[in-house]
Amino acid sequence: MALFKRRTVGKPGEWYYCLKHQRVEEGPECRAADRFGPYATREEASHAMETARERNLEWETDPKWHDTPRGGDDTP
C-alpha cells in the first residue's frame, strides 16, 4: 500500500473527458490514461469522442499514411 497518493497533473479551469466515467471533468479528477484533454472549455471536452472519431477517420483515409500499394496487393 502506498503511503502517498499521486496527484493527477492539471489545473482548475482545464477541462477533460474521462473515458472511464464517460463524463466531463474539471481539474482533472481521473488518471491520465483514462482521459482526453485538456480542453479550453467544458463544451470542447463534451465533444471529445466526436473529435477523436473525426481525427481517426482523417488518419485512416490519409493517403500519406498507407503503406500498401493502390492495387491492394502487399507485394512490391
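FYI, the numbering just counts along the sequence from 1.
Arg23 pairs by the salt bridge (Lys or Arg N to Asp or Glu O under 4.0 Å) definition with Glu25, Glu29, not counting sequence neighbours. With sequence neighbours excluded, no residue forms a side chain to side chain contact (heavy atoms under 4.5 Å, CB included) with Glu58. Take Glu54 and apply the side chain to side chain contact (heavy atoms under 4.5 Å, CB included) test, not counting sequence neighbours, and it matches no residue.
When each of Asp34, Val24, Thr51 is tested with Tyr17 by the rule side chain to side chain contact (heavy atoms under 4.5 Å, CB included), just one qualifies, namely Val24.
Of the possible donor and acceptor atoms, one in the side chain of Glu26 sits under 3.5 Å from a partner among the backbone N and O of Gly13.
At least one side-chain heavy atom of Met49 sits less than 4.5 Å from a side-chain heavy atom of Phe36.
To the nearest 0.5 angstrom, Tyr16 atom OH is 5.0 Å from Arg35 atom CZ.
Scanning both residues, Ala48 and Tyr39, for their nearest heavy atoms gives CB-OH, 3.4 Å.
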